[in-house]
Amino acid sequence: MIDLKQLRENPDQFLARLNQRGDYNEPVQQVLALDQQQRSLEVNRSQLQARSNEIGKLVGQKMKSGAQPEDAEIQTLREEGNQIKAQLSELEPQEKELKVALEAILLTIPNLPSQTAPLGKSEAENVEIKRWGDEYIPTTTDLLPHWEIGEKLGILNFERSVKIAQSRFVTLIGAGAALERALIRFMLDRQVAAGYTEISPPFLVNTTSLTASGQLPKFAEESFKCDRDDLWLLPTAEVAINSLHRDEVLEAEALPLHYCAYTPCFRREAGSYGRDTRGLIRLHQFDKVELFKFVHPDTSEPEHEQLLNDAEAILQALKLPYRVIELCTGDLGFSASKTYDIEVWLPSAGKYREISSCSNCRDFQARRGNLRFKEAGKKGTQFLHTLNGSGLAVGRTMAALLENYQQPDGTIRVPEALEAYLGRSIL
RNA sequence: GGAGAGGUGGCAGAGUGGUCGAAUGCGCUCGACUUGAAAUCGAGUGUGCUGAAAGGCACCGUGGGUUCGAAUCCCACCCUCUCCGCCA
């Protein structure tokens, strides 16, 4: 949620920054208009309520000191009270309607881009800031895509998954299932060692949780819903962890909180019909180890850099070549103010593909979820900052492993770091 | 699925129609005592909106209703807990 006060006080500057993402003139103008109407009604309404409260108190006092309900004085006050009530019953619904409309629009406005995010309209203008592991890029020419490798080795099965569920699902078999499990354990162990507290949240989440992290109301099409229960399949652990402290007031000393979680993620992938139809890249269900931080606003930028490092550390340990790009303003996700994507080298495609997205949401999700902290000795509360990143997407990591570690004889070498987890060195 | 209990401030917990935004305890802040700390004592301490300020308004699970006046009465809904049943 954007800061309405900030918008109201400085609408032009605010809009200019928001428009670095795209055209938000219309919703912003609507917000400003509704806000003004609502506030002027509020002044009116609260004056009436003040008088009504006064009457209530007066009557109470007089009755206590012996007045009778039939007394002319009491009757007059009751009369006035009734008149105010009639006026309020007209004003209140109007104001409520404005508030609801205002809230509905506010929930659809994305986060302000960071002042440091590169300007741009689309992913074409993202900025590469780092490459790592060029020396590990395979030089062999006849490389197979991971789905062919997986099917040859009998460890991935897509056809039977269609029978069980639908397209865009996979069944892992034997060493494939073991590899997935090994990767999850490896990633969690590394992040726990880096200071993150592991959690295992519910895989079904309610509408409030999805709204707090920003998936709703705009992206309802992207999530699977269990209609009769007001529960949705988790699209990312970010949603669950963000709501772990929803509506809480934390002590400033408790910050920062660093969490990691393994969860499956479920996405409808609406609107990506033709894309990545083969392999592990774009499935309705995939595993992910997520990193999430609740931090003091003063520290969110260094915390963001460190989060990126923690995600990169997994790829480095697995010796998978990757690059880091910073998303331009036009390519930022809805809740993010600043985002680094990590892209891993996929030899079969001959390009880098996203394997992690590390975002600083600043106070955007904190506002939506009412996530606050209090500093000892200071009056009032402040919104904290939230950050999230994949550490990493497990399916895409498997894809990258199979492709980058394939050998001329068709087998797959297991990265050293994983050998102990998998109990073998060749697949 | 059946039965019952309950949702009040950072937490625990009182409050059944009027000066209740809410007792009390814990916690927290400041002060006194102390070499320091603990203990003790004293004062203060909810959140949000609005206003230059004084102040005003809202909030006792949510939404309605009764009343001049609702945490308190009425209706509906949601959620939590306990016991029983079923079950990984």
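Proteins get letters first, then strands, A, B, ... in listed order; numbering begins at 1 in each.
- Of all nucleotides present, only C26(B) satisfies the Watson-Crick or G-U wobble test against G10(B), with each distance under 3.5 Å.
- The only option from H304(A), H385(A), Q306(A) that meets the side-chain contact (heavy atoms from CB on, under 4.5 Å) definition with K293(A) turns out to be Q306(A).
- Checking C68(B), U47(B), C57(B) against every side-chain atom of R372(A), the shortest atom distance belongs to U47(B).
- Computed from coordinates, the L371(A) CG to U47(B) P distance equals 17 Å when rounded to whole Å.
- In the set G63(B), U50(B), G48(B), G63(B) carries the atom at the smallest distance from any side-chain atom of K96(A).
- In this model, the phosphate group of C78(B) is not approached by any side-chain N or O of N206(A) to a distance below 4.0 Å at OP1 or OP2.
- Taking CG of D229(A) as the reference point, atom NZ of K225(A) lies at 9.5 Å (rounded to 0.5 Å).
- With both ends at atom P, the span from A23(B) to C60(B) equals 16 Å, rounded to whole Å.
- The side-chain contact (heavy atoms from CB on, under 4.5 Å) test with L7(A) is passed by exactly one of V28(A), I109(A), L15(A): V28(A).
- Remark: C1' of U50(B) and CD of Q47(A) are 11 Å apart, rounded to the nearest angstrom.
- Nucleic acid contact for K62(A): none, since no nucleic acid atom lies under 4.0 Å from a heavy atom of the residue.
- E290(A) pairs in a side-chain contact (heavy atoms from CB on, under 4.5 Å) with only one of the listed residues (T236(A), V239(A), L392(A)), which is T236(A).
- With both pairing distances under 3.5 Å, C20(B) is matched to nothing as a Watson-Crick or G-U wobble pair.
- A 6.0 Å sphere centred on CD of E253(A) holds more than 12 heavy atoms belonging to other residues, nucleotides or ligands.
- Comparing A58(B), C68(B), G56(B) by their nearest atom to the side chain of Q49(A) picks out A58(B).
- Put simply, R78(A) has no side-chain N or O that comes within less than 4.0 Å of OP1 or OP2 on U67(B).
- Ring to ring, F364(A) and F334(A) are close: their centroids are under 6.0 angstrom apart.
- Heavy atoms of R367(A) sit nowhere under 4.0 angstrom from any nucleic acid atom.
- Under the Watson-Crick or G-U wobble criterion, with both distances below 3.5 Å, U82(B) is paired with A3(B).
- Distance, Q38(A) CD to U50(B) P: 9 Å, rounded to whole Å.
- For C57(B), one of the phosphate oxygens OP1 or OP2 lies less than 4.0 angstrom from a side-chain nitrogen or oxygen of N53(A).
- Relative orientation of the Y262(A) and F203(A) rings is perpendicular, given thresholds of 30° and 60° on the angle between their planes.
- Taking atom CG of D247(A) as the reference point, atom C1' of C79(B) lies 14 Å away to the nearest angstrom.
- A88(B) is unpaired under the Watson-Crick or G-U wobble criterion, no partner having all donor-acceptor distances under 3.5 Å.
- Here T381(A) does not reach the OP1 or OP2 of G46(B): none of its side-chain N or O atoms lies under 4.0 Å away.
- Between E248(A) atom CD and C11(B) atom P the separation is 9 Å, expressed in whole Å.
- The CD atom of E103(A) sits 14 Å away from the C1' atom of G48(B) (whole-angstrom rounding).
- In this entry A70(B) has no Watson-Crick or G-U wobble partner, no candidate having both defining distances under 3.5 Å.
- For R39(A) and C57(B), the shortest distance from a side-chain N or O to OP1 or OP2 is not below 4.0 Å.
- For K374(A), whose side chain is taken as the heavy atoms from C-beta onward, the closest listed nucleotide among U47(B), G18(B), A58(B) is U47(B).
- As rounded to whole Å, 11 Å separates atom P of G18(B) from atom CE of M63(A).
- For E375(A) and G27(B), the CD to P distance is 22 Å, given to the nearest whole Å.
- Taking the nucleotide of RNA chain B with the nearest heavy atom to each of E54(A) and L77(A), the more 5' of the two is matched to E54(A).
- Closest to the K85(A) side chain, of the nucleotides U67(B), G18(B), C57(B), is U67(B).
- Taking only side-chain atoms of V59(A), from C-beta outward, the nucleotide of C49(B), C57(B), C68(B) with the closest atom is C68(B).
- Summarising the base pairing, C41(B) is matched to G31(B) through a Watson-Crick or G-U wobble pair whose two defining distances lie under 3.5 Å.
- G46(B): Watson-Crick or G-U partner is C59(B), with both key distances under 3.5 Å.
- With RNA chain B read from its 5' end, the first of the two nearest nucleotides for L58(A) and E79(A) is the one closest to L58(A).
- For the C1' atoms, the distance linking G42(B) with U47(B) amounts to 27 Å, nearest Å.
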